[in-house]
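A short worksheet on the structure shown next.
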Amino acid sequence: MTKKLFFIAVAATLLLNGSFAITYSTNEEECVDGVCFVPKNDEKGNQIYPIVSPVGYHDVKMITQAKRLTTLKGKNIALAGGSFMANTTHNELKKCIEEEFPDAKIYMFNDIGQAGPFSVFGTTDKTKAFQDKLKELKIDAVITGNCGCGLCTTKETGNSIAAEYIGIPTVTVGAPTFTAQIHSTGVNRGVPVLRSAEYPGAFASHSQKELKENARKVLWPQIKTALTTPITQKEIAEYAHEGKRPYDEIIYYGTFEEVQEYFRINNWTDGLPVIPPTDEKIQEYLKFTPYKASDVIGTLAVAYRECTVYTVAANAVMSGVPAEFMPICIAFAQGMNNGEWRKPLSSTHGWTPYAWLNGPLARQLGIDNQQGMISEANNKALGRFIDLCMLNLGGYYIKENRMGSFGYLTPFTFSEDDKACAELGWEPYHVTQGFDVNANTITNASCLSWGNNVTPSTTNPEKIKDVIAFDITEKQQNGLGNTNAQVYRTLFITEYVAKDLAKRYKSKDQLEDALIEAARRPLALRAYALYWANTGSQQNNRMTFEQEYNKLLKDAKEKAELTEVPDWYKPLIKDEKIDTIACMNKGETPILVTGDSSRNKIQTMPGGGYVTTEIKLPSNWNELVAPLGYEPIENFYLDVKFDTKNKNKNTKTQKPAAQQQQRRR
């Protein structure tokens with residue numbers, strides 16, 4: 001028996017925590033003996049797509065927050081934090097409290113310490129010590145700040161979240177564009193309502209007079225209200241809806257154009273069209289993995305969403321990567337669990353995530369490492385997948401918790417030329433990380449800029465090394481190198497430059513050691529950057545330039561030494577020796593042989609930490625990809641043995657399996 005009925009298609013609007021507010025639309029559905037089928041076309045003949053969600057569950061349990069205070073009279077109040085001119089604003093807030101509530105007791109930065117970024121996976125020693133101190137001092141309320149950058153917002157909210165978890169009301173001070181990040185950071189770590197006080201502008205751009213005036217006239221009234229007004233159900237509903245659904249539930253039906261608009265409204269796309277993630281399409285992608293659709297990869301920051309293999313497949317479909325790229329996509333998503341890699345990605349500096357591959361799979365699938373590599377179609381599609389991962393798997397949203405002041409480059413991917421490495425006697429990157437040469441890996445990385453490349457006009461390996469060292473000292477992290485003295489970088493070196501270097505440096509390790517020794521920067525340059533272009537403070541209001549210089553000279557982390565003037569500065573500096581700082585730490589500079597093998601190029605990429613993940617293939621991989629025109633993966637193995645001293649490597653490309661069999665006969 002066939003009948004017609006109207007069904008309700010659920011249109012779910014994504015909230016901060018990955019749960020849904022439900023709206024409704026109607027369409028006609030056909031049911032046969034109680035089994036209902038989605039119509040394939042609308043009344044105009046346009047195809048209808050039944051869509052699943054590309055967003056995982058937000059599975060962090062919400063805490064029940066303590067009641068707000070009725071008054072600040074006689075209370076113990078902690079002023080915590082320390083970022084972005086907090087010395088000025090917090091001291092002015094202290095005066096405001098003392099004037100209005102003279103019997104309140106106030107504790108400042110040094111009295112209570114800091115909690116650091118809050119983790120839902122286990123309380124860190126730093127957070128526990130902070131909470132213990134709050135309990136010891138019987139703190140009734142915490143005021144923390146100032147949130148003026150993406151990373152410091154995560155750090156400063158750590159104080160308020162830690163306090164809320166032990167029943168202490170809080171308020172977090174932030175600049176206008178960071179208040180949304182304050183709220184979402186709280187929700188993503190289990191605090192339904194993390195109240196904020198909004199500062200009118202950029203902290204570091206205001207004079208001392210403006211900072212004090214704004215603290216008194218703008219912040220103080222907000223802070224009093226935030227600490228003494230009860231949290232309402234409306235606030236909780238706005239920020240912290242909860243709910244769970246099956247990972248493969250169909251959440252929307254629509255035409256191609258309707259799907260694009262629906263995804264745009266829900267922030268599930270980077271602004272470009274997506275391929276509709278239907279269950280039928282996703283099932284094609286799941287065939288190429290050794291995992292079950294329901295397998296959980298992890299709970300990924302910053303939204304702490306549960307990520308299943310099915311959800312990864314949904315984003316792979318949307319990005320347009322071929323189905324056989326699924327093992328790569330899963331491995332990248334697994335790498336997103338690594339805190340060292342993801343740590344800077346909310347920053348106001350433009351940290352762009354990217355990735356490179358090593359191993360025979362990259363050669364089999366055609367992940368390029370030659371001229372124009374990041375712009376080649378396969379590489380570009382994988383870069384698009386990374387972009388969607390940031391949105392839908394990680395929960396990074398522009399203007400909410402991905403705070404790049406000028407935005408970000410489009411993520412990109414490529415591969416290292418393992419074969420060229422082997423021929424040079426250099427270990428490919430994944431081998432330096434302990435993997436077999438024929439293992440398949442992907443390395444998650446990030447960079448702050450694409451930048452200009454360098455073209456050595458010599459074949460002398462020592463001079464090429466010096467040119468690279470010069471470039472390294474110029475390519476600093478953040479503004480002019482005012483954050484860390486030694487930072488992560490990745491070096492892209494084309495094959496012919498690598499060949500010249502290999503005449504002198506028999507391994508990447510030897511080259512890295514030589515660069516660490518050579519890549520030194522005049523301490524005066526770092527001091528100047530810290531003094532006049534400090535990321536979060538006006539140093540010129542705190543000390544003289546000479547004091548800043550001497551402070552750095554004594555700081556062991558700077559690794560300052562009196563050294564010979566680097567060769568590239570000798571035409572400018574008359575002294576034989578000057579104070580310099582090291583620009584590199586051992587193990588923080590991957591050296592990759594990649595790019596146009598017909599050109600002599602070097603590219604230095606300052607950025608963040610790395611995580612390398614092995615790509616797992618199903619046991620019937622060759623059978624799965626053969627109908628798509630791929631040769632067996634064994635045809636792309638390298639027959640090479642690396643000794644422990646990185647010398648005298650026996651390198652040759654392994655012959656295709658068919659040829660080997662003929663020889664045996």
Side-chain angles (χ1 to χ4, degrees), residues 54 56 282 285-301 305-342 345 353-369 378-390 392-394 411-416 418 428-446 490 590 592 608-621 624-625 630 633 636:
I282 289 170
Y285 280 58
L286 294 174
K287 295 175 185 176
F288 291 89
T289 85
Y291 302 97
K292 298 176 183 176
S294 59
D295 285 347
V296 176
I297 285 175
T299 301
L300 305 183
R305 293 172 179 162
E306 182 181 86
C307 177
T308 63
V309 170
Y310 191 92
T311 310
V312 174
N315 285 275
V317 169
M318 290 166 60
S319 70
V321 300
E324 62 270 23
F325 283 29
M326 259 299 286
I328 300 172
C329 297
I330 291 171
F332 179 85
Q334 289 172 323
M336 291 180 72
N337 269 319
N338 183 275
E340 186 63 32
W341 171 75
R342 68 172 182 260
L345 298 180
Y354 70 98
W356 70 81
L357 280 77
N358 289 93
L361 182 67
R363 296 185 287 279
Q364 184 189 35
L365 298 184
I367 309 303
D368 197 48
N369 55 37
N378 286 341
N379 298 11
K380 203 158 190 159
L382 278 170
R384 175 85 191 286
F385 169 76
I386 294 175
D387 219 1
L388 295 178
C389 279
M390 294 292 292
N392 298 327
L393 303 186
F412 53 91
T413 60
F414 59 97
S415 66
E416 184 175 19
D418 297 346
Y429 180 76
H430 65 317
V431 176
T432 69
Q433 301 304 298
F435 293 94
D436 183 80
V437 68
N438 289 316
N440 299 298
T441 66
I442 186 168
T443 300
N444 295 22
S446 64
T490 308
L592 308 178
Y610 310 90
V611 55
T612 299
T613 305
E614 186 168 9
I615 301 168
K616 300 292 188 181
L617 302 178
S619 58
N620 61 338
W621 176 253
L624 289 169
V625 299
Y630 292 104
I633 194 169
F636 300 91

What one should report as the nearest heavy-atom pair of Ile386 and Pro411 is CG2-CB, 3.7 Å

### Message
Any side-chain to backbone donor/acceptor pair from Ser446 onto Gly608? Under 3.5 Å, distance only.
### Response
yes

query = Do Trp621 and Gln364 touch side chain to side chain, with heavy atoms closer than 4.5 Å?
reply = yes

| Any Asn358 side-chain heavy atom under 4.5 Å of Glu416 side chain | yes

Residues at least two apart in sequence or cross-chain that pass side-chain contact (heavy atoms from CB on, under 4.5 Å) with Ala333, listed by chain then number, are Ile297, Val312, Leu393

From CA spacing to verdict: side chain to side chain contact (heavy atoms under 4.5 Å, CB included), Glu324, Tyr630: CA-CA 10 Å; Glu324 62 270 23; Tyr630 292 104; 2.7 Å; yes

Heavy atoms, side chains only, cut-off 4.5 Å: are Thr490 and Trp356 in contact? yes

(message) Taking Gly394's backbone N and O only, do any of them form a donor-acceptor pair with Arg305's side chain (distance below 3.5 Å, no angle check)?
(response) no

With a 3.5 Å distance limit and no angle check, can you tell me whether Asn338 reaches the backbone of Gly335 through a side-chain donor-acceptor pair? no

So NZ of Lys380 and OG of Ser319: to nearest 0.5 Å the spacing works out to 14.0 Å

Exam field: side chain Asn315 to backbone Pro54, donor-acceptor pair closer than 3.5 Å
yes

Looking only at heavy atoms, the pair that brings Thr413 and Asn379 closest together is OG1-O, 2.7 Å

dist Gln433:CD -> Glu614:CD (nearest 0.5 Å) comes out at 13.0 Å

Rounded to the nearest 0.5 Å, the CG atom of Leu382 sits from the CG atom of Asp387 at a distance of 12.5 Å

Strictly distance-based, threshold 3.5 Å: is any side-chain N or O of Asn440 a donor or acceptor partner for the main-chain N or O of Ile615? no

Ring pair (Phe, Tyr, Trp, His ring centres under 6.0 Å) filter on Phe332, not counting sequence neighbours, yields Trp341

Between Met326 and the options Leu617, Val321, Val309, Val317, the side-chain contact (heavy atoms from CB on, under 4.5 Å) test singles out Val309

Next item on the list: Compare all side-chain heavy atoms of Pro353 with those of Met390 and state whether any distance is below 4.5 angstrom.
Entry: yes

Shortest non-hydrogen pair, Ser294 vs Thr308, comes out as O-CG2, 4.0 Å

* Is there a side-chain contact between Asp436 and His430, using heavy atoms and a 4.5 Å cut-off? -> no

For Cys329 and Ala316, the nearest pair of non-hydrogen atoms, with its separation, is SG-CB, 4.0 Å

For Thr289 and Tyr285 the tightest heavy-atom approach is CG2-O, 3.9 Å

Result for side chain to side chain donor-acceptor pair (under 3.5 Å) between Thr612 and one of Thr441, Asn444, Thr443 points to Thr443

### Query
When you look at Phe414 and Asn369, which way does the side chain to side chain contact (heavy atoms under 4.5 Å, CB included) test go after all the steps?
CA-CA 6 Å; Phe414 59 97; Asn369 55 37; 5.6 Å; no

Output for pair (Met336 CE, Thr299 OG1), nearest 0.5 Å, gives 12.5 Å

Evaluate the side chain to side chain contact (heavy atoms under 4.5 Å, CB included) criterion for residues Met318 and Phe385: first the C-alpha distance (whole Å), next the side-chain angles of each, then the deciding distance (0.1 Å), finally the verdict. CA-CA 8 Å; Met318 290 166 60; Phe385 169 76; over 6 Å; no

*Side-chain heavy-atom pair Phe325, Phe288 within 4.5 angstrom cut-off*: no

When every non-hydrogen atom of Ser415 is compared with those of Ala362, the smallest separation belongs to CB-CB, 3.9 Å

Between the OG1 atom in Thr613 and the CD1 atom in Ile328, the distance rounded to the nearest 0.5 Å is 12.5 Å

